[in-house]
Amino acid sequence: MPINPPLRNVLHLNALRAFEGAARLGSFAQAANELRVTPGAIAAQIKNLESEYGAALFQRHAQGVRLTPLGENVRQEFTAAFDALEAAARNLRRQAAPRSVHIVALPSLAALWLGPRLPELSRLLGDIDISVTAADEPPNLKRSPFDLCLFYTDRIETGQQPVLNEELLPVCIPSIASGLREPGDLAKVRCIADVVWDDWNVWASAAMPDRSFTPQGPGFSLYSIAVQQALLGAGVLIGRRSLVQQHLDSGALVAPFGSAAAVSLGLTMALWMLPQSKDSNAVIAVANALRRMA
């Protein structure tokens, strides 16, 4: 009678991934956001894992969760294991499609700076396929499927390459600009803004340091919509130069107070690649082309 060897322990990877994410981030909610599931799903996966192994991995309390000594003892091993798994998957993806480059960028940069440059990139780089994903925050480089990151930063870190220093200036359609002579006239018109950014206050503090200015007008959570509204004549937009330059070049928008009214935002558009992408000729070509186009 043949004797079959015992089967290896079945690994419940989703549950283990839920544990690792919650342990590394210290939160079921943050782990859920990273894994694109609900906090309830994370809690259920971890509960099942605790039942399977017969031991608690987290202590639950009113303020959140805290690792048990057992959970703390195994946390780093699972983080290293999933980092290695992600690295292997990236290597597989890169070897399977060596001429594909995936960029992750802030939504405004993806839509208004990177998007208009994609046709020229394709013309310059030929057979390299470029994909773009928008994200509000830079990804975890050890867990990212991307090759290049494009975001604003207030400090250039090791490995990041500055693309340009961002400037702020009011912009609007020519018919509105005709009624504006000096910055104080902005009190008479609608002022468009991105509700997440404090750009109007940054600009006014530098351009009108002796005046109290509170912009009155609509706000939008997507900067691309704010730009669209400015193009439709809804008011004066506090423009980030790199994101509105194409409209200034075409004349669809103008700077009523001229370039002399531009002030530094204090942020730099930066480009960086994942460490594992630094040996990819395709990724290097795209990064170099983007810096030249800036």
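Predicted, not measured: the structure shown is a model, and the values here were computed from it.
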Do side-chain atoms of Ser178 reach the backbone of Ser175 as a donor and acceptor pair under 3.5 angstrom? yes

Cation over ring face, Arg75 and Phe19, 6.0 Å, 45°: no

Which residue pairs pass the side chain to side chain donor-acceptor pair (under 3.5 Å) test when at least one of the two sits in residues 206-215, sequence neighbours left out? Glu182-Arg211

According to side chain to side chain donor-acceptor pair (under 3.5 Å), does anything in residues 108-118 pair up with another residue at least two apart or in another chain? List the pairs. none

Do His12 and Asn48 come within less than 4.5 Å of each other through their side chains, counting heavy atoms only? no

Does the side chain of Thr133 come within less than 4.5 Å of His102's, by heavy atoms? yes

Note, Ser259 side chain near Arg241 side chain (heavy atom, < 4.5 Å): yes

Side chain to side chain donor-acceptor pair (under 3.5 Å) with Thr79: which residues, sequence neighbours excluded? Glu20

Using the test salt bridge (charged side-chain N to carboxylate O under 4.0 Å, His left out), find all partners of Arg36 that sit at least two apart in sequence or belong to another chain. none

Pairs flagged by ring pair (Phe, Tyr, Trp, His ring centres under 6.0 Å) wherever residues 179-209 is involved - sequence neighbours left out: Trp197-Tyr223, Trp200-Trp203, Trp200-Phe213

Check the side chains of Glu166 and Thr268 for a donor-acceptor pair under 3.5 angstrom, ignoring hydrogens and angles. no

Have Gln245 and Asp249 got a donor and an acceptor in their side chains that come within less than 3.5 Å? yes

Return each pair, listed once, that meets salt bridge (Lys or Arg N to Asp or Glu O under 4.0 Å) where at least one residue sits in residues 263-277; pairs must be two or more places apart or across chains. none

Rounded to the nearest 0.5 Å, how far apart are CZ of Phe82 and CZ of Arg24? 10.0 Å

Assess whether a salt bridge exists between Arg17 and Glu86, defined as any Lys/Arg side-chain N lying under 4.0 Å from an Asp/Glu carboxylate O. yes

Partners meeting salt bridge (charged side-chain N to carboxylate O under 4.0 Å, His left out) with Glu157 (sequence neighbours left out): Arg155

For Glu77, enumerate each residue passing the side-chain contact (heavy atoms from CB on, under 4.5 Å) test, keeping only those at least two apart in sequence or located in another chain. Val74

Regarding Arg60 and Glu50, does a basic nitrogen lie under 4.0 Å from an acidic carboxylate oxygen? yes

Is there a side-chain contact (heavy atoms from CB on, under 4.5 Å) between Ile176 and Ile173? Walk through the geometry before answering. CA-CA 6 Å; Ile176 294 178; Ile173 60 174; 3.8 Å; yes

Under the salt bridge (charged side-chain N to carboxylate O under 4.0 Å, His left out) rule, collect the residues that match up with Asp185, sequence neighbours excluded. Lys188

For Asp127, which residues count as a side chain to side chain donor-acceptor pair (under 3.5 Å) partner, sequence neighbours excluded? Arg99

Set of side chain to side chain donor-acceptor pair (under 3.5 Å) partners for Asn33, sequence neighbours left out: none

Applying side chain to side chain donor-acceptor pair (under 3.5 Å) to Asn14 and not counting sequence neighbours gives none

